[in-house]
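Comments concern the structure below.
Just so you know, these numbers come straight off a predicted model, no measurement behind them. In what follows, every heavy atom counts, from backbone to side chain, and hydrogens, waters and symmetry copies are set aside. First listed ligand is number 1; within each ligand, the first listed atom is number 1.
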Amino acid sequence: MKILVPVKRVLDYNIKPRAKSDGSGVELSGLKMAMNPFDEIALEEAVRLKEKNVATEVIAVSCGQVSSQDILRTALALGADRAILIETDYDLEPLAVAKCLAKLIDKEQPNLVICGKQAIDDDSNQTGQILAALLGWSQATFASKIEVTQDHLDVTREIDGGLETVHVSLPSVVTTDLRLNEPRFATLPNIMKAKKKPLETISAQSLQIDIAPRIRVLKVREPDPRPAGIKVDSVDTLIEKLKTDAKVIG
Ligand code: AMP
């Protein structure tokens, strides 16, 4: 089984995002970027399937600027066999990413794609679903457990009030939830070995698809700062304040 793992370069999740002063987007310059955390989980799952001899090859793919090579090297250090950058200067929307991936999938013919359920920068939660639709493949979203059986997968999904297990045929697109696994850290020897693994670059233009943006961001702004809290000296005052000032109880 060949597994493709799409990975996106996003602002490191430890950094508090700040809006640009002109409101045109989120400030990224000079800040630490990293692999989208849900994609680390996707990659970990693929590498575990390879370690169990269920998968034969794990390919990490990123669509974006040349700077995304850094997360592809990380993917190689974490266990991917090879990496592909679909390079473009466009800020890609989920539809465009899915179109790029679908073209690559035509060429690479993987049996399984494991994506993150969402990229933490734009929280779209769309790419995996659009990709499955473009390919006409089955999909299982928000996976918290994946079991491979011959030409099918049993995927457990976290839904409101419990767990649901779906049986999907391969090829399939699965998107990962937080509790699927705990990703490993890249060890120094593996970081060194990753430098020798293949990292191919394909220009998005050469795929001959329309990836022009359909959405224009009008404004990005930070939430209003929360007003400072106050201390009250009795429960009666607290109840009074909740009634009259905050108006959260009647
Ligand atoms: P989104 O639909 O943008 O929330 O992203 C969902 C998932 O699609 C991510 O977790 C990645 O696995 C994949 N993805 C999104 N954007 C990209 C990209 N530019 N390159 C590679 N994979 C991506």
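Contact annotation: for T127 versus ligand 1, heavy atoms closer than 4.0 Å belong to both the backbone and the side chain. Residue contacts with ligand 1, taken as heavy atom pairs separated by less than 4.0 Å, involve V61 solely via the backbone atoms N, CA, C and O.
In the hydrophobic clustering of this structure, I71 does not group with L28; members are Ile, Leu, Val, Met, Phe, Trp, Tyr whose side-chain heavy atoms approach within less than 4.5 Å, directly or through other members.
Proximity annotation for atom 23 (C) of ligand 1: of V97, D39, I114, V97 comes nearest, heavy atoms only. Of the listed residues (S124, G128, G116), the one carrying the non-hydrogen atom nearest atom 6 (C) of ligand 1 is G116.
Of the protein's non-hydrogen atoms, the one nearest atom 20 (N) of ligand 1 is C63 N, 3.0 Å. Protein heavy atom in closest approach to atom 22 (N) of ligand 1: P6 CB, 3.3 Å. Looking at atom 16 (N) of ligand 1, its nearest protein heavy atom turns out to be K8 CD, 3.3 Å.
Near C115, with a cut-off below 4.0 Å to any heavy atom, the atoms of ligand 1 are 12 (O). Of all the atoms in ligand 1, the ones that sit under 4.0 Å from a non-hydrogen atom of V7 are 20 (N), 21 (C), 22 (N). Within the listing of ligand 1, atoms 3 (O) sit less than 4.0 angstrom from a heavy atom of D122. Shown in contact with N36 at under 4.0 Å from a heavy atom are these atoms of ligand 1, numbered in order with element: 9 (C), 10 (O). Heavy-atom proximity to A119, at under 4.0 Å, picks out these atoms of ligand 1: 1 (P), 3 (O), 4 (O), 5 (O), 6 (C). Numbered from 1 in the order shown, with element, the atoms of ligand 1 that lie under 4.0 Å from a heavy atom of N125 read 1 (P), 2 (O), 4 (O).
At most 12 non-hydrogen atoms from other residues, nucleotides or ligands lie less than 6.0 angstrom from NZ of K243.
Residues T141 and R157 bring a donor and an acceptor atom of their side chains to less than 3.5 Å of each other. In the model, T156 has a side-chain atom that pairs as donor or acceptor with a side-chain atom of T165 under 3.5 Å. With hydrogens and angles left out, the side-chain atoms of D123 and Q118 include a donor and acceptor closer than 3.5 Å. Inspection of the N125 and Q129 side chains reveals an N or O donor paired with an N or O acceptor under 3.5 Å.
Put simply, the side chain of L112 does not reach to within 4.5 Å of the side chain of P171, judged on heavy atoms. Between L104 and I84, the closest side-chain pair of non-hydrogen atoms falls below 4.5 Å.
Note on ligand 1: L92 sits outside its first shell, no heavy atom being nearer than 4.0 Å.
T88 places a side-chain N or O within 3.5 Å of a backbone atom of Y90 that can act as its donor or acceptor partner.
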